[in-house]
Amino acid sequence: MPWIVGVSGASGTPYAAAVLRALLAAGESVDLVVSRASRLTLLDETGISFRDAHWQQDLREWLARGADGKPDTFDADVGGVRHWSAGDLAAGPSSGSYPTKGMLIVPASTACVAGVALGLSKDLLQRAASVTLKERRRLVVAVRETPLDGRTLRHLVTLDDAGASVVPASPAFYAGATHIQDLVDFVAGRVLDAAGVGHDLYRRWRGDLGGARPTT
């Protein structure tokens, strides 16, 4: 069964790329939903146009790019991905009878959070998230916004009450980050931790103070 990965319009497309690469590296299959707003963000942050008719080519270019913007940083095999258009409300993930392991929304905008919390289902991303909740499957929401106002905080509490895991895109530094990719991978790793997917994206805390300090 696949994981659904929804990419909303919040800043943070490198987070989505890191999660996708790690899922595929773990041998997981992915059903990908890229919202209309996220395509604008992706274009702004990477210069890549994500097109339904050429999604494999565009996805491969996206996943190969490092968090610092350098192309061809990673090998990108997208053979385990199935793409669904965000406007296709008849797609597989729109139905509870379509089997999945769960869904990861990364990054999640406040508009996306509100739509899922309120059950709006205005596009496939929101509909798939609503289905994931009603079927009691795992939903991980990597919210990326600051500051958070009261409305969004209430929406996040609603999602938590419904069984979702809320994972703010908030990098930590105890893992010894030396590059922007390390910070991105930490957030991606925490998203995968919440989903129960194994990975080696960051150095885990072992109880040793100063373990992240340079040795030279």
Side-chain angles (χ1 to χ4, degrees), residues 3-28 30 38 41-42 44-46 62-76 101-110 112-113 116 129 138-150 152-216:
W3 285 97
I4 304 170
V5 175
V7 186
S8 81
S11 176
T13 55
Y15 293 130
V19 166
L20 287 165
R21 285 193 299 265
L23 283 172
L24 295 172
E28 302 284 353
V30 172
S38 69
T41 307
L42 182 64
D44 183 54
E45 293 184 345
T46 69
W62 177 19
L63 298 191
R65 191 174 296 259
D68 57 2
K70 292 181 180 178
D72 301 321
T73 300
F74 299 98
D75 293 327
K101 292 183 177 180
M103 182 173 184
L104 318 176
I105 306 177
V106 53
S109 66
T110 55
C112 174
V113 166
V116 176
R138 203 170 295 199
L139 176 64
V140 182
V141 180
V143 60
R144 213 304 310 163
E145 186 58 270
T146 191
L148 296 171
D149 64 16
T152 299
L153 291 170
R154 287 188 287 273
H155 291 148
L156 291 172
V157 170
T158 296
L159 292 179
D160 180 77
D161 288 343
S165 295
V166 176
V167 181
S170 178
F173 296 86
Y174 62 78
T178 59
H179 189 277
I180 186 174
Q181 189 67 54
D182 298 325
L183 299 176
V184 167
D185 285 348
F186 179 87
V187 171
R190 296 300 286 154
V191 169
L192 294 169
D193 287 345
V197 177
H199 65 87
D200 58 357
L201 288 176
Y202 67 89
R203 186 182 68 85
R204 296 184 181 276
W205 175 250
R206 302 295 184 189
D208 299 320
L209 290 176
R213 295 174 186 167
T215 57
T216 56

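Bear in mind the structure is a predicted one, so any value in this text is a computation, not a measurement.
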Undergrad: Which atom pair, heavy atoms only, marks the closest approach of Trp3 to Lys101?
TA: NE1-CD, 3.5 Å

Undergrad: Looking at every non-hydrogen atom in both residues, tell me the closest pair between Pro107 and Val7 and how far apart they are.
TA: CD-CG1, 4.0 Å

Undergrad: For Ala76 versus Leu63, what's the shortest heavy-atom pair and its separation?
TA: CB-CB, 3.8 Å

Undergrad: List in chain and number order the residues that pass side-chain hydrogen bond (donor to acceptor under 3.5 Å, both in side chains) with Thr110, two or more places apart in sequence or in another chain; answer none if no residue qualifies.
TA: none

Undergrad: Is there a side chain to side chain contact (heavy atoms under 4.5 Å, CB included) between Val141 and Val116 once you walk through the steps?
TA: CA-CA 10 Å; Val141 180; Val116 176; 5.9 Å; no

Undergrad: Side-chain donor-acceptor pairs under 3.5 Å in residues 153-163, sequence neighbours left out?
TA:
residue: His155; atom: ND1; partner: Arg151; partner atom: O; Å: 3.2
residue: Thr158; atom: OG1; partner: Arg154; partner atom: O; Å: 3.1

Undergrad: Let me have the donor-acceptor pairs involving side chains of residues 177-195, under 3.5 Å, with sequence neighbours excluded, atom names and distances please.
TA:
residue: Thr178; atom: OG1; partner: Asp182; partner atom: OD2; Å: 3.3
residue: His179; atom: ND1; partner: Gln181; partner atom: N; Å: 2.9
residue: His179; atom: NE2; partner: Asp68; partner atom: OD2; Å: 3.4
residue: Gln181; atom: OE1; partner: Ala67; partner atom: N; Å: 2.7
residue: Gln181; atom: NE2; partner: Asp185; partner atom: OD1; Å: 3.0
residue: Asp182; atom: OD2; partner: Thr178; partner atom: N; Å: 2.9
residue: Asp182; atom: OD2; partner: His179; partner atom: N; Å: 3.0
residue: Arg190; atom: NH1; partner: Asp193; partner atom: OD2; Å: 3.0
residue: Arg190; atom: NH1; partner: Tyr202; partner atom: OH; Å: 3.4
residue: Asp193; atom: OD1; partner: His199; partner atom: NE2; Å: 2.8
residue: Asp193; atom: OD1; partner: Arg204; partner atom: NH2; Å: 2.8
residue: Asp193; atom: OD2; partner: Tyr202; partner atom: OH; Å: 2.6
residue: Asp193; atom: OD2; partner: Arg204; partner atom: NH1; Å: 3.2

Undergrad: When you look at Thr41 and Asp44, which way does the side chain to side chain donor-acceptor pair (under 3.5 Å) test go after all the steps?
TA: CA-CA 5 Å; Thr41 307; Asp44 183 54; over 6 Å; no

Undergrad: Between Arg144 (side chain) and Gly9 (backbone), is there a donor-acceptor pair under 3.5 Å?
TA: no

Undergrad: For Ser109, give me all partners under side chain to side chain contact (heavy atoms under 4.5 Å, CB included), at least two apart in sequence or on another chain.
TA: Ser8, Ala10, Ala111, Cys112

Undergrad: With sequence neighbours excluded, tell me which residues meet salt bridge (Lys or Arg N to Asp or Glu O under 4.0 Å) with Glu45.
TA: none

Undergrad: Would you sort out whether Leu104 and Leu23 count as a side chain to side chain contact (heavy atoms under 4.5 Å, CB included), showing the intermediate values?
TA: CA-CA 11 Å; Leu104 318 176; Leu23 283 172; 4.0 Å; yes

Undergrad: Looking at every heavy atom in both Pro171 and Phe173, which two are closest together, and how far apart are they?
TA: O-CE1, 4.0 Å

Undergrad: Can you name the salt bridge (Lys or Arg N to Asp or Glu O under 4.0 Å) partners of Arg21, sequence neighbours left out?
TA: none

